[in-house]
Trainee: 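Below is a structure I'd like to ask you about.
Quick caveat: nothing in here was measured; it's all calculated off a predicted structure.
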Amino acid sequence: MGRVYVIARREVGALFYSPIAYFVLFLFLLVTGFLFGNLVFVPGQLSEVRQLVEYLRFGLFFIVPGSTMSLLADEYRSGRIEMLRTSPITELDLVLGKYLGAMLFYLVLLASSLIYVALLVFYGQPDWGQTFSAYLGLLLMGMMFVSVGLFFSTCTQNQIVAYLATMLVLGFMNFSSGLATLVPARLFGWLNISFLRPTMAYVGVGNHIGDFAKGVVDTAHLGYFLGFSLLFLFFTYLILESRKWR
């Protein structure tokens, strides 16, 4: 665990020494501020972060890739990956360390949004149970989004390619629920593809984060976020292992 912590600390430090972290933080505050001002901090509106959390997923699908695109892509581009492989660090240490570092930065993003909770406390009486559930949902969603970003950063040494690939996949997961209603029961009149509807509806982030935003903590939604996070971390590990023998 010591090696994982060192990698994570180095990753966080590298992020804040580059302009990427501050640009991502600026974008996050810009998006959250816009959503909060137009959906939550409105006269007569309930003092809750529900709508902010439900709509924030649309902003995070292009914000999170900005903080993950360089995680391993930059190691490949610079050649540092070879130095890491000759050190006592294992592929698992590298995956967990990079992931933990990205998650720590994501926690910084979430912490910056607590200013809006403070405003709700000052001007109203928010439901603390619902607020906790909503932020738990944001944390879990971030775990999944970061794992997807780490995977695509492992697949290429081009940061722009990693960013676009991550954004496309997260975008699909964001809009999958809505797209499910457009899927026909049969293709070409004879091929039954009706099974795609429930599959796409399940893959969609909206239904899962929506319940957290309402204050509902369901084990099915916990399994969704944790399951996809572990799946993409496993894929990342497999990619690193396979590249070791090239």
Side-chain angles (χ1 to χ4, degrees), residues 3-36 52 55-84 89 91 93-116 135 138-174 205 228-229 232-233 235-237 239-240 243:
R3 292 191 293 265
V4 172
Y5 171 74
V6 170
I7 295 171
R9 186 178 63 180
R10 173 186 172 278
E11 195 59 43
V12 173
L15 272 172
F16 280 104
Y17 273 112
S18 72
I20 293 177
Y22 302 98
F23 181 68
V24 170
L25 182 59
F26 168 76
L27 277 181
F28 180 78
L29 289 174
L30 184 67
V31 171
T32 51
F34 175 80
L35 293 174
F36 182 77
L52 173 64
Y55 284 94
L56 186 56
R57 63 189 172 94
F58 295 112
L60 286 175
F61 92 85
F62 68 86
I63 292 175
V64 169
S67 64
T68 61
M69 63 182 183
S70 64
L71 287 175
L72 277 159
D74 193 51
E75 304 288 5
Y76 284 113
R77 183 193 58 79
S78 64
R80 287 195 301 267
I81 191 68
E82 300 304 326
M83 181 182 67
L84 290 172
I89 296 173
E91 274 68 25
D93 292 334
L94 191 56
V95 171
L96 294 179
K98 292 285 186 177
Y99 181 70
L100 180 59
M103 279 305 302
L104 289 173
F105 177 70
Y106 181 78
L107 289 176
V108 171
L109 296 183
L110 285 189
S112 69
S113 70
L114 292 177
I115 182 65
Y116 306 120
Y135 269 83
L138 283 178
L139 174 62
L140 292 168
M141 185 170 64
M143 290 173 63
M144 185 179 74
F145 282 15
V146 168
S147 69
V148 175
L150 177 60
F151 169 73
F152 284 109
S153 183
T154 311
C155 294
T156 177
Q157 64 178 0
N158 190 311
Q159 296 184 32
I160 302 302
V161 172
Y163 178 90
L164 293 176
T166 304
M167 190 177 70
L168 286 173
V169 171
L170 295 183
F172 173 77
M173 298 180 85
N174 266 293
V205 177
F228 271 109
S229 299
F232 277 98
L233 287 176
F235 287 160
T236 302
Y237 174 77
I239 293 291
L240 278 176
R243 285 196 167 194

Trainee: Mind listing the closest non-hydrogen atom pair of M69 and G66 along with its distance?
Mentor: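 Minimum heavy-atom contact is CG-O, 3.8 Å.
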
Trainee: Should T154 and F232 count as side-chain neighbours, where that means a heavy-atom distance under 4.5 Å?
Mentor: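 No - every pair of side-chain heavy atoms lies 4.5 Å or more apart.
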
Trainee: According to salt bridge (charged side-chain N to carboxylate O under 4.0 Å, His left out), who are the partners of R9, at least two apart in sequence or on a separate chain?
Mentor: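 Testing R9 for salt bridge (charged side-chain N to carboxylate O under 4.0 Å, His left out), a comparison that skips the adjacent residues, returns none.
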
Trainee: Do you know the tightest heavy-atom contact between S70 and S153?
Mentor: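 Where S70 meets S153 most closely, the heavy atoms are C-OG, 3.8 Å.
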
Trainee: Side chain to side chain contact (heavy atoms under 4.5 Å, CB included) for I160 and L164? Distances and angles first, verdict last.
Mentor: CA-CA 6 Å; I160 302 302; L164 293 176; 4.1 Å; yes

Trainee: Nearest 0.5 Å, what's the CG-CZ distance between N158 and F152?
Mentor: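 So the CG of N158 and the CZ of F152 are separated by 14.0 Å.
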
Trainee: Would you give me the side-chain donor-acceptor pairs under 3.5 Å for residues 55-63, sequence neighbours excluded?
Mentor:
residue: R57; atom: NE; partner: E54; partner atom: O; Å: 3.2
residue: R57; atom: NH1; partner: N174; partner atom: O; Å: 2.9
residue: R57; atom: NH1; partner: N174; partner atom: OD1; Å: 3.3

Trainee: Got a second to check how far C155's SG is from F235's CZ, nearest 0.5 Å?
Mentor: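 It comes to 10.5 Å.
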
Trainee: For a quick test of reading the model, state the closest non-hydrogen atom pair linking K98 to L71 and the distance between them.
Mentor: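 In this case the closest contact between K98 and L71 is NZ-O, 2.8 Å.
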
Trainee: For Y99, run the side chain to side chain contact (heavy atoms under 4.5 Å, CB included) check against L104, L233, I7, V4 and tell me which one passes.
Mentor: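 Between Y99 and the candidates, side chain to side chain contact (heavy atoms under 4.5 Å, CB included) is satisfied uniquely by L233.
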
Trainee: Looking only at non-hydrogen atoms, find the nearest pair between A102 and V146 and report the distance.
Mentor: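 Residues A102 and V146, closest heavy atoms: CB-CG1, 3.5 Å.
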
Trainee: For S229 and S147, which heavy atoms make the closest approach, and how far apart are they?
Mentor: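 Taking every non-hydrogen atom into account, CA-OG, 3.4 Å.
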
Trainee: Rounded to the nearest 0.5 Å, how far apart are CG of L110 and CE of M141?
Mentor: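 If I round to the nearest 0.5 Å, the distance is 8.5 Å.
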
Trainee: Looking just at side-chain N and O atoms, do S113 and Y135 make a donor-acceptor pair shorter than 3.5 Å?
Mentor: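 Yes, a side-chain donor-acceptor pair sits under 3.5 Å.
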
Trainee: List the steps, then state whether side chain to side chain contact (heavy atoms under 4.5 Å, CB included) holds for Q157 with D74.
Mentor: CA-CA 6 Å; Q157 64 178 0; D74 193 51; over 6 Å; no

Trainee: Measuring from I20:CD1 to F105:CZ, what's the distance to the nearest 0.5 Å?
Mentor: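 These two atoms lie 9.5 Å from each other.
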
Trainee: Considering all heavy atoms of both residues, which atom of T68 and which atom of L150 are nearest to each other, and what is their separation?
Mentor: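 Heavy atoms only, the tightest pair is CB-N, 4.2 Å.
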
Trainee: Evaluate the criterion side chain to side chain contact (heavy atoms under 4.5 Å, CB included) for residue pair E91 and L94; output intermediate values, then yes/no.
Mentor: CA-CA 5 Å; E91 274 68 25; L94 191 56; 5.5 Å; no

Trainee: Does some side-chain heavy atom of L25 sit less than 4.5 Å from a side-chain heavy atom of S112?
Mentor: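 Heavy-atom side-chain distance check passes, below 4.5 Å.
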
Trainee: Can you tell if the side chain of L109 reaches within under 4.5 Å of the side chain of T32, non-hydrogen atoms only?
Mentor: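 Heavy-atom side-chain distance check fails, nothing below 4.5 Å.
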
Trainee: Under a 4.5 Å cut-off applied to non-hydrogen side-chain atoms, are P65 and L170 in contact?
Mentor: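 With C-beta onward as the side chain, the pair touches.
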
Trainee: Take Y106 and L138, measure what side chain to side chain contact (heavy atoms under 4.5 Å, CB included) needs, and give me the verdict at the end.
Mentor: CA-CA 10 Å; Y106 181 78; L138 283 178; 4.2 Å; yes

